[in-house]
Asker: 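Take a look at the following structure, please.
Side chains included, hydrogens not; waters and symmetry mates left out as well; all remaining heavy atoms used. In the text below, chain A, chain B and the rest are named by the order of the sequence lines, each starting its count at 1.
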There are 2 protein chains.
Amino acid sequence: MRELAIGDLARQVGMRASALRYYESVGLLPQAARVAGRRVYPVSTVRRIALIRMAQRAGFTLAEIRQLLSADGDHGATGQWRTLAERKLPELDRSIEQLRVLRDAVAECLLCGCMNFESCRLLAPGADQDV
Amino acid sequence: MRELAIGDLARQVGMRASALRYYESVGLLPQAARVAGRRVYPVSTVRRIALIRMAQRAGFTLAEIRQLLSADGDHGATGQWRTLAERKLPELDRSIEQLRVLRDAVAECLLCGCMNFESCRLLAPGADQDV
DNA sequence: ACTTGACTTCAAGCGTGCTTGAACCCTGAG
DNA sequence: CTCAGGGTTCAAGCACGCTTGAAGTCAAGT
């Protein structure tokens, strides 16, 4: 089975069919082929959606992701993708670093016996790490 | 000057005053002291807001952050904070890992001369890394 | 006294990312 | 044949995270 109905696809990627239709409507997914009026997706779409969700977690908006993926198939706009990617790389680095700091703070805070996150010694004024 | 007006605070943290009022309204910031009806913030609020923004970037909702910070000052609910934090730690790890994968993919993709992100060899079916 | 500018509250509005509902169509099983 | 379980479109609605607008207060400067 190399093609999926929208419901199957939705199940595979853990989303609702309505979300997939929405993605198509905003150009995140290409217009799916229709068989008897119904959308039929190649299995590769699963991968594409995984990419989309990943980028979304990374803080990209759907509009940005559309550009990243060149959903419109405009391969002439390659320069645009490079530009966008180059602009986003440092942002990604920053996001990762901040997440890492937060993660470590939460982890240590759990160990240090403090009452809550804010009162934790880790985050006391002296411990400023330029966030 | 150990206290800040809402406008000053907003400038310091790079947000609009309306956002700070909103944070107060949803319990993310405690009710600020009023002087002649106007909010006055201790400088420590800058730090608190930095935490909030950090957690936000990490994918926490404002409601979750409120719990994390025990904004209501309910120090009896410490167990809740531990529970939430323990539940969130693995999520944070997962987020970081996914971000890292995305970052590396984007970086390599920029080097590999592909036309766009999706067509990149890195992300070809064979290169599946269980995202 | 008057103006300016920053503040107040409250309600309504907005952008993003979907979901839901209504009304309809198709296919396959019983 | 019929009817259940998908699917379709289109418009409206919703939750989150704020912003904007209206109408008013207050303090300082000229």
Side-chain angles (χ1 to χ4, degrees), chain A residues 1 3-43 45 48-69 71 84 88 91 95 98, chain B residues 1 3-42 45 48-69 71 84 88 91 95:
Chain A
M1 199 207 275
E3 308 217 306
L4 302 168
I6 196 168
D8 304 331
L9 180 56
R11 238 161 281 125
Q12 286 233 6
V13 300
M15 305 174 61
R16 307 268 209 115
S18 63
L20 299 179
R21 286 191 206 100
Y22 175 72
Y23 280 7
E24 181 176 314
S25 80
V26 297
L28 247 189
L29 291 178
Q31 288 273 98
R34 312 294 166 122
V35 169
R38 293 156 180 237
R39 290 171 180 82
V40 180
Y41 297 93
V43 285
T45 311
R48 186 179 180 109
I49 292 169
L51 285 175
I52 291 170
R53 305 294 279 182
M54 190 161 77
Q56 222 180 345
R57 296 205 75 182
F60 290 81
T61 65
L62 294 189
E64 286 172 329
I65 297 170
R66 186 181 48 210
Q67 288 195 279
L68 271 175
L69 297 184
L84 185 62
K88 272 292 171 178
E91 289 181 35
S95 295
Q98 288 210 346
Chain B
M1 198 206 275
E3 307 217 306
L4 301 168
I6 196 169
D8 304 331
L9 179 56
R11 238 162 280 126
Q12 286 233 6
V13 300
M15 305 174 60
R16 307 266 209 116
S18 63
L20 300 178
R21 286 190 207 101
Y22 174 70
Y23 280 8
E24 180 176 315
S25 80
V26 296
L28 247 188
L29 291 178
Q31 288 273 96
R34 313 293 166 123
V35 169
R38 295 159 178 233
R39 290 169 178 83
V40 181
Y41 296 93
T45 310
R48 186 180 180 110
I49 292 169
L51 285 176
I52 292 170
R53 306 294 276 182
M54 189 162 79
Q56 223 181 344
R57 297 204 75 183
F60 290 82
T61 66
L62 293 190
E64 288 171 328
I65 298 170
R66 186 181 46 210
Q67 288 194 279
L68 271 175
L69 297 184
L84 185 62
K88 271 292 170 179
E91 289 181 35
S95 295

Asker: Return whichever of A:S18 or A:A36 has its heavy-atom-nearest nucleotide of DNA chain C closer to the 5' end.
Answerer: A:S18

Asker: Is B:Y22 close enough to D:dT19 that one of its side-chain N or O atoms is under 4.0 Å from OP1 or OP2 there?
Answerer: no

Asker: Given D:dT19, C:dT8, D:dT9, which nucleotide is nearest the side-chain atoms of A:R39?
Answerer: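 Of all the options, the side chain of A:R39 is nearest to D:dT9.
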
Asker: State, with a plain yes or no, whether a side-chain heavy atom of B:R39 is found less than 4.5 Å away from one of B:E24.
Answerer: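 Counting from C-beta outward, B:R39 and B:E24 do come under 4.5 Å.
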
Asker: State, yes or no, whether a side-chain contact exists between B:Q56 and B:L62 at a heavy-atom distance under 4.5 Å.
Answerer: yes

Asker: Provide, to the nearest angstrom, the distance between the CG atom belonging to A:L62 and the P atom belonging to C:dG15.
Answerer: 16 Å

Asker: Reading DNA chain D from 5' onward, which residue's closest nucleotide shows up sooner: A:V40 or B:L20?
Answerer: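 Whichever sits nearer the 5' end wins; that is A:V40.
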
Asker: Determine whether A:E3 and A:V43 make a side-chain contact, defined as any pair of heavy atoms from C-beta on separated by less than 4.5 Å.
Answerer: no

Asker: OP1 or OP2 of C:dA6 less than 4.0 angstrom from a side-chain nitrogen or oxygen of B:R11, does that happen here?
Answerer: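 It does not, given that no N or O in the side chain of B:R11 lies less than 4.0 Å from OP1 or OP2 of C:dA6.
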
Asker: Using a cut-off of strictly less than 4.0 Å, decide whether A:R34 has a side-chain nitrogen or oxygen near OP1 or OP2 of D:dG7.
Answerer: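 Answer no for this pair, as no side-chain N or O of A:R34 is under 4.0 Å from OP1 or OP2.
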
Asker: Among D:dT8, D:dG17, C:dC18, find the nucleotide with the atom closest to the side chain of A:I6.
Answerer: D:dT8

Asker: Which of these nucleotides, C:dC18, C:dC7, C:dT20, is closest to any side-chain atom of A:R16?
Answerer: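 Looking only at side-chain atoms, A:R16 lies closest to C:dT20.
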
Asker: Find the distance A:R66:CZ to C:dG17:P and express it as a whole number of Å.
Answerer: 10 Å

Asker: Would you say the side-chain atoms of A:R53 pair up with the backbone N or O of A:L51, donor to acceptor, closer than 3.5 Å?
Answerer: no

Asker: Just how far, in rounded Å, is P of C:dA11 from CZ of B:R21?
Answerer: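 From B:R21 CZ to C:dA11 P: 15 Å.
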
Asker: Measure the distance from CD1 on A:I49 to C1' on C:dG17 and round it to the nearest whole Å.
Answerer: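 Rounding to the nearest Å, CD1 of A:I49 and C1' of C:dG17 are 15 Å apart.
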
Asker: For the pair made of CD in B:E64 and C1' in D:dC16, what is the distance, rounded to whole Å?
Answerer: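 Interatomic distance, CD of B:E64 to C1' of D:dC16: 12 Å.
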
Asker: Report the distance from atom CD1 of A:I65 to atom C1' of C:dC18, rounded to the nearest whole Å.
Answerer: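 Atom-to-atom, A:I65 to C:dC18, this comes out as 14 Å.
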
Asker: Please report the distance, rounded to the nearest Å, between CZ in B:R57 and P in D:dC16.
Answerer: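 So the two atoms are 22 Å apart, to the nearest Å.
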
Asker: Is it the case that the base of D:dC26 and the side chain of B:R38 share a donor-acceptor contact (distance under 3.5 Å, atom types as modelled)?
Answerer: yes

Asker: Under a 4.5 Å cut-off applied to non-hydrogen side-chain atoms, are B:Y22 and B:L29 in contact?
Answerer: no

Asker: For a quick check of understanding: with a heavy-atom distance under 4.0 Å over all strands, which category does A:A17 fall into, base, sugar-phosphate or nothing?
Answerer: nothing

Asker: Which whole-number value in Å describes the distance from A:Q31 CD to D:dT8 P?
Answerer: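 Between P of D:dT8 and CD of A:Q31: 11 Å.
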
